[in-house]
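As C-alpha cells, the structure follows; a few thoughts come after it.
A, B, ... follow the sequence lines: proteins, then strands. Residue 1 opens every chain. Every value quoted in this text rests on a predicted model; they were computed, and no experiment measured them.
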Amino acid sequence: MQQHTDALILQVVAAVPAGRVASYGQIARLAGLGRAARRVAAALRRANSQPPPPWHRVLRSDGRLGLPVGSAGWHEQIQRLRSEGVAVIDGRVDLRQYLWSGGDGDQSDRDDLDSLLWRLQE
DNA sequence: AGCCCGGCTTTAT
DNA sequence: AATAAAGCCGGGC
C-alpha cells in the first residue's frame, strides 16, 4: 500500500543529482502526490532501502533543513551536503543556486528528469 | 467517522 | 526578515 508510494518517492529522491537539492513539496509533485509534502518526509524517515536514498538533498521550501536544528541528523545532513559541494550557511542553503531544475540554472538536469518521469509514468 | 500528529507549504501579520 | 496561523495529505488509534 504505502509501500508503493514510498518506493515511488524514494525513486524520485534518488533522481536528485549530487550537488543539487530539492524541496519536499517538489518531490511530492514529481511523484504525482500533489501537496503531500509531509508524506515525503515520512517516507524518508522510514526509508530503509538498501542503498539508502540521498535524503540529505531534500530540504524545506525556504532552504532550511527539515530536521530539528542542532539535532544529530541536522548536523549529518549539513555535513553530507557540504561534502557534495553544497554551501550550507547558518543552517541554510541558497535555493536560487542549488535547487534542482527548479529555477533556470543549467538545464542539463532536465533530460534526466524527463526520462525519469516517463519511466514512472506507467 | 473523528482527532491528533508529522524531517511541509503558503499566506498573512 | 521573522513568526504565527491556516491548509494540505496520509497514517495510526
Taken to the nearest whole Å, CZ/A:Arg45 to C1'/C:dG11 is 11 Å
Here the side-chain hydrogen bond (donor to acceptor under 3.5 Å, both in side chains) pairs for residues 69-78 of chain A, sequence neighbours left out, are A:Glu76-A:Arg80
Rounded to whole Å, the CD1-P distance (A:Ile27 to B:dG7) equals 17 Å
Query raised in the report: Under a 4.5 Å cut-off applied to non-hydrogen side-chain atoms, are A:Arg39 and A:Thr5 in contact?
Result: yes
For A:Ala22, the side-chain contact (heavy atoms from CB on, under 4.5 Å) test, sequence neighbours excluded, returns A:Val16, A:Gln26, A:Ile27, A:Trp100
Dot-bracket for DNA chain B, 5' to 3', Watson-Crick and G-U pairs with both distances under 3.5 Å, [ ] for crossing pairs, | for partner on another strand, reads .|||||.||||||
message: If you compare every side-chain N and O of A:Arg35 against the phosphate oxygens of C:dC9 (OP1, OP2), does one of them come in below 4.0 Å?
response: no
Per the under-4.0 Å heavy-atom filter, residues of residues 69-81 of chain A near DNA chain B come out as none
Return the polar atom pairs (N/O with N/O) between nucleotides 9-11 of chain B and the protein under 3.5 Å, or none.
{"residue": "B:dT9", "atom": "OP1", "partner": "A:Tyr24", "partner atom": "N", "Å": "3.2"}
{"residue": "B:dT9", "atom": "OP1", "partner": "A:Gly25", "partner atom": "N", "Å": "2.8"}
{"residue": "B:dT9", "atom": "OP2", "partner": "A:Ser61", "partner atom": "N", "Å": "2.8"}

Regarding the side chain of A:Arg92, the nearest nucleotide among C:dG11, C:dA2, B:dG7 is C:dA2
Between CG of A:Leu33 and P of C:dG10 the distance, given in whole Å, is 7 Å
*asked:* Using a 3.5 Å distance criterion without hydrogens, assess whether the side chain of A:Arg82 forms a donor-acceptor pair with backbone atoms of A:Val88.
replied: yes
Contacts of A:Gln79 meeting side-chain contact (heavy atoms from CB on, under 4.5 Å) (sequence neighbours excluded), chain-then-number -> none
**Asked** Less than 3.5 Å between a donor and an acceptor, one on the side chain of A:Arg38 and one on the base of B:dC8, is that the case here?
**Response** yes
Any ion pair linking A:Asp90 and A:Arg92 (charged N to carboxylate O, less than 4.0 Å)? no
Taking the same atom, P, in B:dG7 and in C:dG7, what whole-Å distance lies between them? 22 Å
Rounded to whole Å, CZ of A:Arg39 lies from C1' of C:dG12 at a distance of 12 Å
A:Arg46 atom CZ is separated from C:dG10 atom C1', nearest whole Å, by 12 Å
Heavy-atom closest pair (A:Arg60 atom, A:Leu95 atom, distance to 0.1 Å) is O-CD1, 4.0 Å
**A:Val21 vs A:Val58 side-chain heavy atoms within contact, under 4.5 Å** = no
- Give one of base, sugar-phosphate or nothing for A:Val40, where a contact means two heavy atoms less than 4.0 Å apart. nothing
Minimal heavy-atom distance between A:Tyr24 and A:Val40, with the atoms involved, is O-CG2, 3.7 Å
Looking only at heavy atoms, the pair that brings A:Leu44 and A:Pro53 closest together is CD2-CG, 4.4 Å
A:Asp90 atom CG is separated from C:dA1 atom P, nearest whole Å, by 13 Å
Note: A:Glu84-A:Arg20 ion pair, threshold 4.0 Å (strictly below):
no
